[in-house]
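Indexing begins at 1, ligand by ligand and atom by atom, following the structure's order. All residue numbers refer to positions in the sequence shown, counting from 1. Every heavy atom of this structure was used, including side-chain atoms; hydrogens, water molecules and symmetry mates were not.
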Amino acid sequence: MNENSKLYEDLDRILVTREEISLKVQELGERITRDYEGRSPVLICILKGACVFFTDLVRAIDLPLTMDFMAISSYGSATKTSGVVRLLKDLDEPILGRDVIIVEDIVDSGVTLNFLRQVLIQRGAASLKIAALLDKPARRKIKDLKVDYVCFDIPDAFVVGYGLDYDQRYRNLPDIGVLSPAIYEKP
Ligand code: IMP
Ligand code: MG
């Protein structure tokens, strides 16, 4: 899909291009490959937002990793977090003794990842790190949340694309863009 697509008309501007994403994801994959040398981590994709990032990232990691999937919901269709996290789909495999890497689309307030971190540590993960495509540090509520790997720090704007949605749409945009406020401020 290119930028003449109709979907792009709902964006104010493109914030991160597909080329920039591709370079960073490759770099992150190489970094994780080095950091986990000799180990076999399990990468956990947080559905649905992280799915596009996840499939690119795992292919950039040269390790005998395994994959698992978890679905949670903290947003509804609004652009502000509800602060309540619900588990919609759990992991298929136990993580006792495993080196876990949570793969998330974006860290905003940090409420979602803080909840997930606690759940996975309770289940006996040997180690736990967090990889996020985007970080909005200005909006953090959980100040001591450690995000180990971040591809891009972004300003406080509502973004879509490369897996991120507004009301379940725009996930298939290959670039990341700022959604026009007119789209969500409609009565
Ligand atoms: P947190 O719990 O406030 O950190 O929210 C994290 C979740 O909110 C992410 O996994 C996203 O699903 C969603 N989210 C936060 N900011 C954005 C955004 O700018 N665009 C799309 N989704 C977002
Ligand atoms: Mg999400």
Is it true that [X] lies under 4.0 Å from ligand 1, counting heavy atoms only?
X	value
Gly110	yes
Ala50	no
Asp165	yes
Val160	no
Lys136	yes

In terms of side-chain heavy atoms, does Tyr184 have a donor or acceptor partner in Asp167 at a distance below 3.5 Å?
no

Without hydrogens or angle criteria, can the side chains of Thr17 and Asp175 be said to hold a donor-acceptor pair below 3.5 Å?
no

Tell me the contacting part of [X] for ligand 1: side chain, backbone, both, or neither, using a 4.0 Å heavy-atom threshold, strictly below.
X	result
Leu164	side chain
Lys141	neither
Arg139	neither

Pairs involving residues 6-62, ordered by first then second residue, that meet ring pair (Phe, Tyr, Trp, His ring centres under 6.0 Å) (sequence neighbours left out)
Phe54-Phe69

Quick one: list whatever passes side chain to side chain contact (heavy atoms under 4.5 Å, CB included) with Leu7, sequence neighbours left out.
Met1, Ser5, Tyr170, Asn172, Leu173

I'd like to know if the side chain of Ser22 reaches the main chain of Arg18, judged simply by a donor and an acceptor atom lying under 3.5 Å from each other, with no hydrogens or angles considered.
no

